[in-house]
Amino acid sequence: NRVGSKFGGGGVAGASETNVDRRERLRKIAMGVVDLNKTNLARRAARDMKEGELQVAPKQSSVQRKVFLKIGRPGYRVTKVRDREAGKEGMMVQIHLPQIKAGVVPRRRFMSAWEQKREPPNKSYQYLIVAAEPYETIAFRIPAREIEDELDDGGYWNWSHWDPDTKQYSFQFMFRQTF
């Protein structure tokens with residue numbers, strides 16, 4: 001007796017069982033064993049076969065996609081920073097990417113707790129996401145405080161830098177002060 005079914009009903013068929021049944025029906029129709037005029041299932045299967053033959057394959061996109069094999073996590077260092085005079089707090093992140101592909105520039109963005117799907121949303125945190133092919137995307141959970149823009153302080157405390165020679169991506173951001 002399957003869960004969710006009536007006694008003696010046989011239960012709800014799974015996806016694999018449905019596929020086996022469909023293939024068997026189509027085989028019988030193709031062999032001529034089933035009289036198409038006598039069964040609704042056979043009529044429907046025959047109609048589906050006819051419709052399947054008439055469908056035109058969708059046109060392939062001419063855009064070439066780059067596919068990279070993920071090679072693991074990059075090395076990184078996260079340091080808390082503080083401006084004692086202004087009382088600001090922030091973080092400096094350094095990521096070492098020795099096997100990054102030529103011409104690829106690392107990217108970063110801040111993500112709210114409700115955008116991510118790995119953990120239950122927690123309004124106390126947000127996530128800093130860093131991506132650089134062929135490495136796995138890495139995420140840091142940081143306090144859910146407002147982040148200052150790089151333009152707010154003229155790039156003094158908030159900055160980012162990609163060095164293609166050393167393959168080091170460094171950036172720093174400050175949390176906006178709350179009064």
Side-chain angles (χ1 to χ4, degrees), residues 13-20 22-23 48 51-179:
S16 62
E17 293 164 326
T18 304
N19 286 337
V20 168
R22 180 183 48 79
R23 278 191 222 109
D48 290 347
E51 288 174 0
E53 293 171 0
L54 298 176
Q55 290 179 352
V56 178
K59 192 174 187 178
Q60 293 294 326
S61 173
S62 61
V63 177
Q64 292 182 352
R65 298 183 78 195
K66 292 182 180 180
V67 178
F68 294 107
L69 177 65
K70 299 293 182 186
I71 60 172
R73 291 187 185 138
Y76 59 87
R77 179 182 308 147
V78 179
T79 309
K80 290 182 181 180
V81 294
R82 179 183 300 240
D83 179 3
R84 293 188 191 274
E85 294 173 6
K88 293 181 184 180
E89 297 176 329
M91 300 178 92
M92 181 175 71
V93 180
Q94 298 169 307
I95 303 173
H96 187 60
L97 304 154
Q99 298 177 354
I100 193 168
K101 299 291 182 186
V104 175
V105 177
R107 297 168 302 174
R108 68 178 163 107
R109 85 176 197 90
F110 294 95
M111 178 185 290
S112 76
W114 288 271
E115 288 180 82
Q116 59 85 26
K117 302 296 180 203
R118 294 272 176 129
E119 299 176 355
N122 184 341
K123 67 179 181 178
S124 301
Y125 297 106
Q126 61 185 330
Y127 295 85
L128 168 62
I129 311 297
V130 181
E133 296 292 347
Y135 290 95
E136 290 180 13
T137 301
I138 56 175
F140 303 96
R141 186 169 61 178
I142 60 175
R145 295 168 55 191
E146 191 174 353
I147 308 291
E148 285 189 350
D149 292 330
E150 287 186 29
L151 303 174
D152 288 349
D153 69 350
Y156 183 72
W157 280 105
N158 299 306
W159 51 266
S160 63
H161 176 69
W162 165 241
D163 187 348
D165 297 329
T166 62
K167 298 189 178 181
Q168 182 95 12
Y169 182 50
S170 305
F171 59 91
Q172 180 172 296
F173 62 91
M174 300 299 278
F175 295 108
R176 191 173 303 279
Q177 264 186 310
T178 56
F179 296 99

**Study point:** Atom of Pro134, atom of Ile100 and distance for their closest heavy-atom approach
**Key:**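 Shortest heavy-atom contact: CD-CA, 3.9 Å.
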
Q: Go through the side-chain N and O atoms of Tyr127 and Glu119 and say whether any donor and acceptor fall under 3.5 Å apart.
A: yes

Whether the side chain of [X] engages the backbone of [Y] through a donor-acceptor N/O pair (distance < 3.5 Å, no angle test) should be reported.
X: Tyr135; Y: Gln99; answer: yes
X: Gln116; Y: Met111; answer: no
X: Glu89; Y: Val81; answer: no
X: Glu136; Y: Arg73; answer: no

ring-ring contact (aromatic ring centres under 6.0 Å, His included) pairs touching residues 71-115, sequence neighbours excluded, are Tyr76-Phe140, Phe110-Phe173

Does Asp163 have any side-chain hydrogen bond (donor to acceptor under 3.5 Å, both in side chains) partners at least two apart in sequence or in another chain, and if so, which?
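Asp163 satisfies side-chain hydrogen bond (donor to acceptor under 3.5 Å, both in side chains) with Thr166 once adjacent residues are dropped.
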
Heavy-atom side-chain proximity of [X] to [Y] below 4.5 angstrom:
X: Gln126; Y: Ile147; result: yes
X: Phe171; Y: Arg108; result: yes
X: Pro106; Y: Leu97; result: yes

Interatomic distance, NE2@His161 vs CD@Gln94, rounded to 0.5 Å, equals 11.0 Å

dist Met91:CE -> Arg82:CZ (nearest 0.5 Å) comes out at 12.5 Å

Return the set of residues passing side chain to side chain contact (heavy atoms under 4.5 Å, CB included) with Thr79 (not counting sequence neighbours), or none when no residue passes.
->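 Thr79 satisfies side chain to side chain contact (heavy atoms under 4.5 Å, CB included) with Arg77, Met92 once adjacent residues are dropped.
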
Exercise. Go through the steps to decide whether Glu115 and Arg109 satisfy the test side-chain contact (heavy atoms from CB on, under 4.5 Å), and finish with yes or no.
Key: CA-CA 12 Å; Glu115 288 180 82; Arg109 85 176 197 90; 2.9 Å; yes

